[in-house]
There are 2 protein chains.
Amino acid sequence: MTSEGAEGAEGLGPEGVEPGTVRPGGRTARVREAVLRAAGDALVEHGFDGLDLADVARRAEVGKTTVYRRWSAPAGLVADLLTDMAEQSLPRTDTGSLEEDLRANARLVVRTLTDPRQGALFVAVIAAAACDPRTAEALHRFYAVRIGEWSGCVEAAVERGDLPAGTDPGEVIAAVSAPLYYRLLASGAPLDEGAADRAAAAAVAAARAGVFVR
Amino acid sequence: MTSEGAEGAEGLGPEGVEPGTVRPGGRTARVREAVLRAAGDALVEHGFDGLDLADVARRAEVGKTTVYRRWSAPAGLVADLLTDMAEQSLPRTDTGSLEEDLRANARLVVRTLTDPRQGALFVAVIAAAACDPRTAEALHRFYAVRIGEWSGCVEAAVERGDLPAGTDPGEVIAAVSAPLYYRLLASGAPLDEGAADRAAAAAVAAARAGVFVR
DNA sequence: CCATAAACGGTTCTGTGGTTCCGTTAAGGT
DNA sequence: ACCTTAACGGAACCACAGAACCGTTTATGG
């Protein structure tokens, strides 16, 4: 600390830069990975409101100071977890039939949401997003990625004249997921294969009717 | 309390009965009302994770001991708030046209969810439900009531042959709300009148196609 | 109208979630 | 290979959410 000219030193900004941004390699990356995995486990077990950062630190075998310093609040940790989840994408099916593709998508969503681990994780993550704007932002990005991944099969359907020209692919994909999430979060109606197939069929019917034409 | 034969007295169960159940009149009812109102305000302002029971007590001008005793955890308070919300229902429209009715419903939902107070309240309440099973239960009951209230117009449409026989009214109503809640909670897509009208149109198209026939 | 105890409410106490401090380890530039 | 300092980690510390205690108010049955 001998020759700093402008900002940075002490007392000027509340914090210089986010920790983990200047030296993101080696140890830092390893810590992040371990903490995010531990956070996922903790969320599955205790839900969002039961998320204890000290517990996460213990699971990750990391000092709790580190967790508090890098992610401050529970919501921040979940937000980071979400950006991580958005990166690891699963490949979509492409059968050449819109019904089939959307049904496959719907069933995948149901399988995910009813899976003991994944389902609990999604519920917790959505709870977190409903509590914190920055986490909500991260969640929106996550779904934008997921919707983008599956838009292809709708675009193909439009291409081959199976759907009206100008149909918004994202709207169609979202229309498939929406009823399933509504069951999960709001109505509590059962999430089974029948629900999945109905969701897909409803989206197809609406799309064919031109409801999603921009 | 002179001649109770079996349970009740002391030391048997951890707590005899829930406070507020034996003498629900007068003061108790007044307190409940004030606390629920205050809880609503607090939820709107700070969200579910920022819900502080002491703060609620202060707003309601009630001892914080009372709040802790009667509702124990924040989630319990929200659950009670939800049963209260389920009771005050708004009347639905009945224009005689399925499209019109569903569009009115969709627009009402959008108006509710985008209203600064109501919207925040719903988000907070859903967050609470995503954190606690008993609150989730209360939320499911709430939506069962709301869906039941609007089922009439679908039943009428079936009656007059506007929809296939055997169409499940609840499914149709849920199909209207689902995309709107999906936007609110998951995708973050804008919640405007266009979205409402599309949601209603999609539900109608799917229902006409017989997707919701039991 | 009175007696009983249900429910309320102020105060005090405590466990713990989160912060601060400071020494140690190891990225990353030269 | 070496030096600077970003980032980690243990320990002591603190504020406050939530429980426990006990006296006061007031529903409710007779």
Side-chain angles (χ1 to χ4, degrees), chain A residues 1-4 8-11 13-36 38-39 42 46-78 80 131-132, chain B residues 1-4 8-10 13-36 38-39 42 46-77 80 131-132:
Chain A
M1 293 233 183
T2 38
S3 61
E4 80 283 348
E10 50 172 3
E15 77 286 343
V17 284
E18 298 292 299
T21 51
V22 180
R23 284 182 186 176
R27 179 170 61 168
T28 300
R30 221 153 41 235
V31 165
R32 186 175 114 103
E33 202 177 344
V35 169
L36 291 188
H46 306 304
F48 173 64
D49 63 338
L51 188 62
D52 176 14
L53 293 231
D55 175 51
V56 171
R58 215 172 306 122
R59 288 168 190 256
E61 296 181 315
V62 154
K64 76 167 179 169
T65 314
T66 301
V67 178
Y68 280 110
R69 180 170 34 230
R70 282 189 62 182
W71 292 278
S72 58
L77 183 52
V78 177
D80 198 16
C131 289
D132 175 74
Chain B
M1 288 250 180
T2 38
S3 61
E4 81 282 347
E10 50 169 2
E15 78 283 346
V17 284
E18 298 291 301
T21 52
V22 180
R23 285 182 186 176
R27 179 171 61 169
T28 300
R30 220 154 40 237
V31 164
R32 185 175 114 104
E33 203 177 343
V35 169
L36 290 188
H46 307 305
F48 172 65
D49 63 337
L51 188 61
D52 176 15
L53 294 231
D55 175 50
V56 171
R58 214 173 305 124
R59 288 167 189 257
E61 295 179 317
V62 152
K64 76 169 181 170
T65 313
T66 301
V67 179
Y68 280 111
R69 182 171 30 233
R70 281 189 63 182
W71 292 279
S72 62
L77 182 53
D80 197 17
C131 287
D132 174 73

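Note on naming: letters A, B, ... go to the chains in the order of the sequence lines (proteins, then strands), and numbering restarts at 1 for each one.
- Put simply, A/T28 has no side-chain N or O that comes within less than 4.0 Å of OP1 or OP2 on D/dA7.
- Here the straight-line distance linking atom OH of A/Y68 with atom CG of A/L77 works out to 10.5 Å at 0.5 Å rounding.
- Within 4.0 Å (heavy atoms only), A/R30 reaches sugar-phosphate atoms of the nucleic acid but no base atom.
- One finds no salt bridge joining B/R70 and B/D80 here, because no Lys/Arg side-chain nitrogen approaches an Asp/Glu carboxylate oxygen to under 4.0 Å.
- In terms of the salt bridge (Lys or Arg N to Asp or Glu O under 4.0 Å) criterion, residue partners of B/R58 (sequence neighbours excluded) are, by chain and number, B/D55.
- Rounded to whole angstrom, the span from the CD atom of B/E33 across to the P atom of C/dA7 amounts to 18 Å.
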Inset, instruction - Using a 4.0 Å heavy-atom cut-off, write out nucleotides 11-21 of chain C from 5' to 3' as B (base contacted by protein), S (sugar-phosphate only) or - (no contact). - result: B-----SBBBB
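- Across the interface with DNA chain C, nearest-nucleotide mapping of B/G20 and A/G26 shows B/G20 to be the residue nearer the 5′ end.
- Computed from coordinates, the B/E61 CD to C/dG10 C1' distance equals 16 Å when rounded to whole Å.
- Look at CZ on A/R23: it is 7 Å from P on D/dA7, rounded to the nearest Å.
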Inset, instruction - Test side chain to side chain contact (heavy atoms under 4.5 Å, CB included) on A/W71 and A/V56 and set out the steps. - result: CA-CA 12 Å; A/W71 292 278; A/V56 171; over 6 Å; no
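- Taking the side chain as every heavy atom from C-beta outward, A/L51 and A/V78 approach each other to under 4.5 Å.
- Counting heavy atoms from C-beta outward, B/V67 and B/V31 have side chains that stay 4.5 Å or more apart.
- For the pair A/D49 CG and D/dA17 P, the interatomic distance rounds to 16 Å; values are reported in whole Å.
- Here A/R27 does not reach the OP1 or OP2 of D/dG9: none of its side-chain N or O atoms lies under 4.0 Å away.
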